[in-house]
Amino acid sequence: MSDLSNLPTPALILDRDRLESNLERMAQKATRLGVSLRPHIKTHKSIEIAERQRALGASGITVSTLHEAKMFAAHGFDDITWAFPLILSRVEEVAELASRIRLRVVVDSVEALAALENLDTPLHVWLKIDCGYHRAGVDPQSSRATELAMRISQSSMLTFDGILTHSGHAYRPGSPAARLAVAEQERDVMTELADGLRSAGIEVPAVSIGSTPAMAVIEDLTGVDEIRPGNYALYDYTQVELCSCRISDCAVTVLTSVVSRGAAHSVVDAGALALSKDSGPEQEHGTIFGRFFYDYENGGVSEDVLLTSLSQEHGIVNKAAPVGTKFRILPNHSCLTVAQFDEYIVVEGDQVVDRWRVHRGRS
Ligand SMILES: Cc1ncc(COP(=O)(O)O)c(C=O)c1O
């Protein structure tokens, strides 16, 4: 086995000890708060990581694409929530997969529900609720929420799994108190809606919520049955800025080399197709696309040496450094960074101990 110093770059490096601590901490939190954990695997797209999450008690997994659902089903995951508004052009594939595993789909429209009813296939269905993020989901105050829940629960082919939401607005800049308010709002909107639906005679089997920043701050999940955080497995610089974790919890880095040196800048082999163009949290110096570690063990990242721009394969560093210098970059958004690579190089300390495939794709 080799060590980090002689790996070809760019490479996606996964720190196994940090991953393990992150997985254990969230599993323990779910147990402490009395909820099941159904991790979102879109962050890591790794069978090995999902197997570890399952061994630590995950009740099933969440995916964002049908490709992920198919890949993980092919590796023995048989209880999968596709937490994305149903894509009508893919319902035949949904039916096929649902004949092999317990596939749970998400709807927030009459059109999607009608497409499922027309399939005439038994399916598990969540009703997606907008808890304040305003991306997708039914307004919990609207009569549509009750009408759709009633229609799913009365269907002979569909099984109503309950109501599901995602607190993506926990990512907006603000204080930890503001994030706690978002997390509490997510919980309260959902438990109040569940109570309202139950009073209208609709059985609501479960309430499913979750994002990593909300789960980092919430300590009371009374009335909630399931949480679906994903990013917590790996974390990233955005989560550090949101106080969800410390830099020394971040489990993925991109190993890169200086390939060209100018008078006052250098170029590394980590561009947008290694890191993504996620601009991360707002910064006073303008957009920074990744942080360079000077002390990986203790979570030290440079405030002076910065990745200031990206093109497809080039990353521009604001300081001159000798060609061949290697850096470890902390990405702004680990989910998008991982999706640029075919495999993780798994390390313990500086030693490479394994290689795990990233199941990315669009089929
Ligand atoms: C529907 C849904 N559930 C759960 C998650 C997980 O959130 P996070 O990545 O903050 O843990 C996401 C992330 O985008 C999501 O879209």
Side-chain angles (χ1 to χ4, degrees), residues 26 29-30 33 35 37-43 62-65 81-86 106-109 126-142 144-145 148 162-196 206-245 249-250 276-283 287 331-337 339:
M26 190 60 80
K29 182 154 192 178
L33 300 190
V35 290
L37 173 59
R38 182 182 286 273
H40 208 315
I41 62 79
K42 79 185 172 78
T43 299
T62 308
V63 300
S64 57
T65 66
T81 296
W82 180 23
F84 191 81
L86 189 73
V106 167
V107 299
D108 68 358
S109 68
W126 289 99
L127 177 61
K128 172 95 187 232
I129 304 299
D130 177 6
C131 68
Y133 183 26
H134 305 323
R135 183 174 69 177
V138 180
D139 177 350
Q141 307 290 346
S142 67
R144 208 152 60 94
L148 287 172
I163 53 176
L164 172 150
T165 196
H166 167 58
S167 49
H169 48 322
Y171 280 87
R172 291 181 188 146
S175 62
R179 251 178 322 281
L180 179 59
V182 169
E184 289 176 343
Q185 174 204 29
E186 177 182 38
R187 175 198 63 204
D188 295 346
V189 164
M190 295 299 278
T191 53
E192 281 161 26
L193 177 61
D195 289 347
V207 172
S208 175
I209 67 165
S211 67
T212 292
M215 291 308 106
V217 288
I218 196 95
E219 286 300 334
D220 177 358
L221 285 177
T222 307
V224 170
D225 300 283
E226 172 185 281
I227 58 170
R228 307 181 321 280
N231 185 279
Y232 77 94
L234 307 178
Y235 291 123
D236 49 35
Y237 190 68
T238 300
Q239 299 290 352
V240 171
E241 287 280 293
L242 292 168
C243 305
S244 306
C245 65
D249 296 320
C250 296
S276 87
K277 270 208 166 174
D278 195 307
S279 52
E282 258 172 44
Q283 302 293 320
T287 305
N332 283 338
H333 189 170
S334 58
C335 312
L336 295 187
T337 298

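Being a predicted model, the structure only gives us computed values, none of them experimental.
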Rounded to the nearest 0.5 Å, what separation is found between the [atom1] atom of [X] and the [atom2] atom of [Y]?
X      : Y      : atom1 : atom2 : result
Leu336 : Thr43  : CG    : OG1   : 9.5 Å
Ile129 : Met190 : CD1   : CE    : 5.5 Å
Cys131 : Ile163 : SG    : CD1   : 10.5 Å
Cys335 : Asp278 : SG    : CG    : 9.0 Å

Quick check: do [X] and [Y] have side-chain heavy atoms less than 4.5 Å from each other?
X      : Y      : result
His166 : His40  : no
Thr212 : Tyr235 : yes
Ser109 : Val107 : no
Met26  : Pro229 : yes
Val138 : Leu127 : yes
Cys245 : Cys250 : yes

- Begin from the C-alpha positions of Leu164 and Val106 and carry the test side-chain contact (heavy atoms from CB on, under 4.5 Å) through to its verdict. CA-CA 8 Å; Leu164 172 150; Val106 167; 4.1 Å; yes
- Message: The criterion is side-chain contact (heavy atoms from CB on, under 4.5 Å); which residues satisfy it with Glu241, sequence neighbours excluded?
- Response: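 Partners of Glu241 by the side-chain contact (heavy atoms from CB on, under 4.5 Å) criterion, ordered by chain and then number, come out as Tyr237, Pro281, Gln283.
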- Item | Residues forming a side-chain contact (heavy atoms from CB on, under 4.5 Å) with Ala183, sequence neighbours excluded |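 Partners of Ala183 by the side-chain contact (heavy atoms from CB on, under 4.5 Å) criterion, ordered by chain and then number, come out as Ala214, Val217, Ile218.
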- Do the rings of Tyr133 and His169 sit parallel, tilted or perpendicular, given the 30° and 60° boundaries?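 Because their plane-to-plane angle is under 30°, the rings of Tyr133 and His169 count as parallel.
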Which pair of non-hydrogen atoms, one from [X] and one from [Y], has the smallest distance, and what is that distance?
X      : Y      : answer
Val207 : Val224 : O-CG1, 3.8 Å
Ala216 : Ser244 : CB-CA, 3.8 Å
Pro39  : Tyr232 : CB-OH, 3.6 Å
Val182 : Ser167 : CG1-CB, 4.2 Å
Asn231 : Ser334 : ND2-OG, 3.2 Å
Pro140 : Asp130 : CD-O, 3.1 Å

- Task: Tell me, with the steps shown, if Leu242 and Tyr171 meet side-chain contact (heavy atoms from CB on, under 4.5 Å).
- Result: CA-CA 7 Å; Leu242 292 168; Tyr171 280 87; 3.7 Å; yes
- Identify, with sequence neighbours excluded, every residue that meets side chain to side chain donor-acceptor pair (under 3.5 Å) alongside Thr337.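 Thr337: no side chain to side chain donor-acceptor pair (under 3.5 Å) contacts found.
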- Query: What residues, two or more places apart in sequence or in another chain, satisfy side chain to side chain donor-acceptor pair (under 3.5 Å) together with Lys42?
  - Reply: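 If we apply the side chain to side chain donor-acceptor pair (under 3.5 Å) test to Lys42, skipping adjacent residues, there are no hits.
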- Item | Polar contact flag, side-chain donor to acceptor under 3.5 angstrom, Asn332-Ser279 |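 Asn332 vs Ser279: no donor-acceptor pair found between side chains.
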- For the pair Thr81 and Thr62, evaluate side chain to side chain donor-acceptor pair (under 3.5 Å) and give the outcome as yes or no after the intermediate values. CA-CA 5 Å; Thr81 296; Thr62 308; 5.1 Å; no
- Given Thr165 and Val189, is the side-chain contact (heavy atoms from CB on, under 4.5 Å) satisfied, shown in steps? CA-CA 10 Å; Thr165 196; Val189 164; over 6 Å; no
- Query: Do any pairs count as a salt bridge (Lys or Arg N to Asp or Glu O under 4.0 Å) and have a residue in residues 216-225, sequence neighbours left out, and if so which ones?
  - Reply: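 Salt bridge (Lys or Arg N to Asp or Glu O under 4.0 Å) check on residues 216-225 returns Lys29-Glu219, Arg32-Glu219.
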- Using the salt bridge (Lys or Arg N to Asp or Glu O under 4.0 Å) rule, collect all pairs that involve residues 168-194, keeping only residues at least two apart or in two chains.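 Every candidate salt bridge (Lys or Arg N to Asp or Glu O under 4.0 Å) pair involving residues 168-194 fails, so no pair, neighbours aside, qualifies.
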- Item | Verdict with supporting geometry, Asp108 and Arg144, side-chain contact (heavy atoms from CB on, under 4.5 Å) | CA-CA 9 Å; Asp108 68 358; Arg144 208 152 60 94; 5.9 Å; no
- Message: Using a 3.5 Å distance criterion without hydrogens, assess whether the side chain of Arg228 forms a donor-acceptor pair with backbone atoms of Val63.
- Response: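 Here the side-chain-to-backbone pair does not exist.
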